Protein chains: 2
Amino acid sequence: MGTTKSEVFSEKVNDLASLFKAMGHPARIAIVQFLRAQEKCICTDLVNELPLAQPTISQHLKELKNAGIIQGSVSGTSICYCLNLDKLGELDVFLASLKYDQVPTCCS
Amino acid sequence: MGTTKSEVFSEKVNDLASLFKAMGHPARIAIVQFLRAQEKCICTDLVNELPLAQPTISQHLKELKNAGIIQGSVSGTSICYCLNLDKLGELDVFLASLKYDQVPTCCS
DNA sequence: CATAAATATCGTAATATTACAATATTAAAA
DNA sequence: TTTTAATATTGTAATATTACGATATTTATG
């Protein structure tokens, strides 16, 4: 008990859930928004921008990177992060798949 | 420690994170997909469809309902659930706001 | 009213997440 | 090569999430 029963769901469903989950924290939304505004940034920029400790920022960056939402490239002693909009595009595709051609009248 | 520091983020960022979080579980993705396919359903339909116990389904439905992603209307002894695509549209708007007119060349 | 059907709630065990201090790692700069 | 800057990792306390058995609630039906 306590663990998500991932094994009973399809890979596609699990992947989508992981992607949504990665976006399901205000710090990570803020990071993504900051990255969008700055085009790119390093960890220190975020540490200065957000009222969270450096290890916490680093942890959130790692989760976003594992989810494929951001990518980082080494640049001297720092790491330059930027958005991978292709990955977020998968959410677009999913959300579009939920839309109806004709909106049903139930529950309205 | 242990708690998300919501108070340091804007209401908008917190709301978006909550919405993503609500979609961040495979059971809830599956419920949303089933609802899309059936247009509407009751809890028992989902209990028959998904290999999860009834209280677990009920708990997930509650989270989706709290997030505004689904809505339920009483119908006899059962409750008829359906999607609220307007709420999911908020995610569309956010994802669209991340897109660039001109894709930057960083990190590529 | 007793029963049944559908759903919600409670209680709880197992696990996951969040945040951060302390520390390690890595690469440039002095 | 020591120092500095940037970032990652480790360890851990506090809290949240997940799943489900047991039980309560609610509404129709006999």
Side-chain angles (χ1 to χ4, degrees), chain A residues 1-9 13-14 17-31 34-35 38 40-67 70-82 107, chain B residues 1-9 13-14 17-31 35 40-67 70-82 107:
Chain A
M1 247 191 296
T3 322
T4 296
K5 293 176 77 177
S6 313
E7 67 282 1
V8 304
F9 300 103
V13 164
N14 280 312
S18 297
L19 205 45
F20 276 112
K21 191 176 180 180
M23 294 294 291
H25 191 285
R28 296 194 288 270
I29 295 283
I31 289 172
F34 188 75
L35 268 176
Q38 307 288 315
K40 57 184 174 176
C41 74
I42 62 175
C43 182
T44 298
D45 295 335
L46 290 163
V47 172
N48 293 330
E49 179 73 11
L50 303 177
L52 294 172
Q54 180 268 321
T56 307
I57 302 281
S58 196
Q59 195 171 280
H60 285 303
L61 284 171
K62 189 179 183 181
E63 283 187 63
L64 288 171
K65 191 150 151 280
N66 286 343
I70 65 173
Q71 52 196 200
S73 53
V74 177
S75 167
T77 65
S78 52
I79 292 173
C80 178
Y81 288 103
C82 71
C107 293
Chain B
M1 245 191 298
T3 321
T4 296
K5 293 176 76 178
S6 313
E7 67 282 1
V8 304
F9 300 102
V13 164
N14 281 311
S18 298
L19 205 44
F20 276 112
K21 191 175 180 182
M23 293 295 290
H25 190 286
R28 296 195 288 269
I29 296 283
I31 288 172
L35 267 176
K40 57 184 174 176
C41 75
I42 63 175
C43 181
T44 298
D45 295 335
L46 290 163
V47 172
N48 293 330
E49 180 73 11
L50 303 175
L52 295 173
Q54 180 268 321
T56 306
I57 301 281
S58 196
Q59 195 170 280
H60 285 304
L61 284 171
K62 189 179 182 180
E63 283 186 64
L64 288 170
K65 191 150 152 280
N66 286 344
I70 64 173
Q71 51 196 200
S73 53
V74 177
S75 167
T77 65
S78 53
I79 292 174
C80 178
Y81 288 102
C82 70
C107 294

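All values reported here derive from a predicted model rather than from experimental measurement. Computed over heavy atoms, backbone and side chain alike; hydrogens, waters and symmetry mates excluded.
L61(A) comes within 4.0 angstrom of nothing in the nucleic acid, heavy atoms only. The residue I57(A) sits apart from the nucleic acid: no heavy atom pair falls under 4.0 Å. As judged by a 4.0 angstrom heavy-atom cut-off over every strand, K21(B) is placed among residues touching the sugar-phosphate backbone only. Contact annotation for T3(A): backbone-only contact, meaning every heavy-atom pair under 4.0 Å involves sugar-phosphate atoms and none involves a base.
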N/O-N/O pairs, protein side and nucleotides 25-30 of chain D side, under 3.5 Å:
none

Under 3.5 Å, which protein N or O atoms sit close to an N or O of nucleotides 22-25 of chain C? Give each pair with its distance.
none

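Put simply, NZ on K5(A) is 15 Å from C1' on dT17(D), counting in whole angstrom units. Between M1(A) atom CE and dA13(C) atom P the separation is 8 Å, expressed in whole Å.
Listed nucleotides: dA8(C), dT7(D), dT17(C). Nearest to the side chain of Y81(A): dT7(D). Of the listed nucleotides (dA8(D), dA8(C), dA19(C)), dA8(D) has the atom at the smallest distance from the side chain of S58(A). Distances from the side chain of T4(A) to the nucleotides dA19(D), dA21(C), dT17(C) place dA19(D) closest.
For T4(A), the side chain to side chain donor-acceptor pair (under 3.5 Å) partners at least two apart in sequence or on another chain are H25(B). Contacts of E63(A) classified as side chain to side chain donor-acceptor pair (under 3.5 Å), with partners at least two apart in sequence or in another chain: R28(A).
Within a 6.0 Å sphere centred on NZ of K5(B), other residues, nucleotides and ligands contribute more than 12 heavy atoms.
Near DNA chain D, meaning a heavy atom under 4.0 Å from it, residues 43-51 of chain B has no residue at all. Within residues 22-30 of chain A, the residues approaching DNA chain C are H25(A), R28(A), by heavy-atom distance under 4.0 Å.
Judged by distance alone with a 3.5 Å cut-off, no donor-acceptor contact links the side chain of Q59(B) to the base of dA8(C).
Summary of the strand contacts: T56(A) and K62(B) both lie near DNA chain C, and taking for each the nucleotide with the nearest heavy atom, the more 5' one is attributed to K62(B).
Taking side-chain N and O atoms only, H60(A) has a distance below 4.0 Å to OP1 or OP2 of dA19(C).
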